[in-house]
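All values derive from a computational prediction rather than experimental measurement.
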Amino acid sequence: MAHPDDAEITCAGTLIRLAESGWDVHIATTTAGDCGALEGSPEEIAKIRIAEGTRAAESVGLSFHCLGQPDGRVVYDRDSLQQTIDLFRQIAPTLVITMPLSDYHADHEVTGQLGRAASFVYAAPNASAVPLKKGSTVPYLYYCDGHGGVDRMGNPIEPTVCVDITEQLDRKTEMLACHASQREWLKAHNGIDEYLSMMRDYCIDRGRQFGTEAAEAFVQHRGHGHPREDLLTELFPLRSLSDH
């Protein structure tokens, strides 16, 4: 993800389900969200937001990582990609959920590009000096929902799969509530006050589209070299858009 709280907004219900199924689940952000405040130095805000992200992740048994890129200024370059690849080498992910390649926030889009590129190349022996874990390979790759279910131009995103998070919605809400520093910032900068209820309402709206109480939607990356089987649907069978 790009910022602490992005996972909680977009895919935390699915991450909780993965953890409940025995998966080792990690949340990683490119930035510490150091621009997401009205007052305080970047270092002060980063410390607060990393602590919030860590607390949210650990509350449901997940791990949290932050690459420390500057908030609002994430770029796709060799250094940021190498940093992402190195993290992937440490974790050796089987399944990656990253941010949409078209979204309202450029940090989100660049993070999606980094997640896609690292997914494809991290298992190449010469891609990193970090030792390669046994079994490392190109993972299943999914893009989470864009804000409001639309791309950067306001066009609707067409998900390829949804995951029922009815039983996980309350814990997803508790995770998002850990990011208490964001309420005043979102109210002032984005015009969003009740961000907890807005997140819940959106998940409920997505759920209605698929005949369940609450859901998270994703688009699977099925390009050359990536697994094409829909792992999320196999793990949590509900329905994909092909069923409609």
Side-chain angles (χ1 to χ4, degrees), residues 1-3 6-19 21-30 57 62-65 67 69 74 76 80-103 105-125 127-128 130 132-147 149 151-152 157-163 165 206 215-242:
M1 301 289 112
H3 313 97
D6 283 338
E8 287 79 353
I9 292 171
T10 62
C11 62
T14 301
L15 300 184
I16 292 170
R17 290 200 67 175
L18 288 165
S21 300
W23 285 63
D24 179 20
V25 182
H26 299 254
I27 295 175
T29 64
T30 51
L62 316 185
S63 301
F64 181 79
H65 311 263
L67 298 184
Q69 294 289 327
V74 179
Y76 187 96
S80 57
L81 179 55
Q82 190 65 61
Q83 199 177 14
T84 309
I85 292 170
D86 291 349
L87 177 63
F88 277 38
R89 286 286 272 256
Q90 297 171 37
I91 296 171
T94 303
L95 164 66
V96 171
I97 297 172
T98 192
M99 306 218 75
L101 299 179
S102 179
D103 201 11
H105 199 314
D107 278 2
H108 294 190
E109 297 177 331
V110 176
T111 296
Q113 293 175 339
L114 292 169
R116 183 188 67 158
S119 294
F120 188 77
V121 76
Y122 92 89
S128 171
V130 177
L132 187 63
K133 290 180 179 291
K134 184 178 180 180
S136 296
T137 188
V138 178
Y140 293 86
L141 178 62
Y142 292 83
Y143 302 105
C144 63
D145 222 353
H147 181 72
D151 65 17
R152 73 166 77 98
I157 293 171
E158 297 184 7
T160 61
V161 62
C162 82
V163 174
I165 61 158
R206 273 301 197 200
E216 292 170 342
F218 303 91
V219 174
Q220 184 176 4
H221 184 98
R222 292 194 174 103
H224 174 73
H226 284 269
R228 298 180 61 84
E229 301 84 9
D230 185 354
L231 181 61
L232 284 180
T233 295
E234 292 178 8
L235 291 169
F236 312 121
L238 172 64
R239 65 188 70 212
S240 66
L241 287 186
S242 62

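- Taking each heavy atom of Leu232 and Leu95 in turn, the nearest pair found is CD2-CD2, 4.0 Å.
- In this view, Thr84 and Leu67, Phe88, Leu114, Ala118 satisfy the side-chain contact (heavy atoms from CB on, under 4.5 Å) rule, not counting sequence neighbours.
- Residue Lys133 holds its NZ atom at 10.0 Å from OH of Tyr122, rounded to the nearest 0.5 Å.
- Not one N or O on the side chain of Arg152 forms a donor-acceptor pair closer than 3.5 Å with the backbone of Ser102.
- Between Ser119 and Pro139, the shortest heavy-atom distance links the atoms O-CD, 3.2 Å.
- Put simply, CD on Gln83 and CG on Leu81 are 10.0 Å apart, with the number rounded to the nearest 0.5 Å.
- Of all the heavy atoms in Ala28 and Leu87, the pair that sits closest is CB-CD2, 3.5 Å.
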Inset, instruction - Report the C-alpha distance between Trp23 and Thr94 in whole Å, list the side-chain angles of each, state the deciding distance to 0.1 Å, and finish with yes or no for side chain to side chain contact (heavy atoms under 4.5 Å, CB included). - result: CA-CA 10 Å; Trp23 285 63; Thr94 303; 4.1 Å; yes

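- Panel note: side chain Gln220, backbone Glu229; a donor-acceptor pair is recorded below 3.5 Å.
- Across every non-hydrogen atom of Gly112 and Leu101, the tightest pair is C-CD2, 3.5 Å.
- Aromatic ring pairs are classed by plane angle as parallel below 30°, tilted from 30° to 60° and perpendicular above 60°; the pair His221 and His226 is perpendicular.
- For the pair Gln90 (side chain) and Ile85 (backbone), a donor-acceptor distance under 3.5 Å is absent.
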Inset, instruction - Mind running side chain to side chain donor-acceptor pair (under 3.5 Å) on Asp86 and Ser128 for me, showing each step along the way? - result: CA-CA 6 Å; Asp86 291 349; Ser128 171; 2.6 Å; yes

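- Here Cys11 contributes atom SG and Glu216 contributes atom CD; the two are 6.5 Å apart, rounded to the nearest 0.5 Å.
- Annotation: His147 is not in aromatic contact with His108 [ring centroid separation under 6.0 Å not met].
- The distance from the CD1 atom of Ile97 to the CG atom of Asp145 is 11.5 Å, given to the nearest 0.5 Å.
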Legend entry - Criterion side chain to side chain contact (heavy atoms under 4.5 Å, CB included) on Leu235 and Leu18, from CA distance to verdict: CA-CA 9 Å; Leu235 291 169; Leu18 288 165; 3.8 Å; yes

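- Thr30 places a side-chain N or O within 3.5 Å of a backbone atom of Ala2 that can act as its donor or acceptor partner.
- Once rounded to the nearest 0.5 Å, the distance linking CZ of Phe218 with SG of Cys144 reads 7.0 Å.
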Legend entry - Pair His65-Ile91, side chain to side chain contact (heavy atoms under 4.5 Å, CB included): steps then yes or no: CA-CA 11 Å; His65 311 263; Ile91 296 171; 3.9 Å; yes

Legend entry - Criterion side chain to side chain contact (heavy atoms under 4.5 Å, CB included) on Asp230 and Tyr142, from CA distance to verdict: CA-CA 9 Å; Asp230 185 354; Tyr142 292 83; 2.7 Å; yes

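- A donor-acceptor pair under 3.5 Å is absent between the side-chain atoms of Arg206 and the main chain of Ala217, judged by distance alone.
- Smallest separation of non-hydrogen atoms from Val219 and Pro159: CG2-CA, 3.9 Å.
- Between Asp103 and Gly146, the shortest heavy-atom distance links the atoms OD1-CA, 3.6 Å.
- In this structure, the separation between CG on Asp6 and OG1 on Thr98 is 10.0 Å, given to the nearest 0.5 Å.
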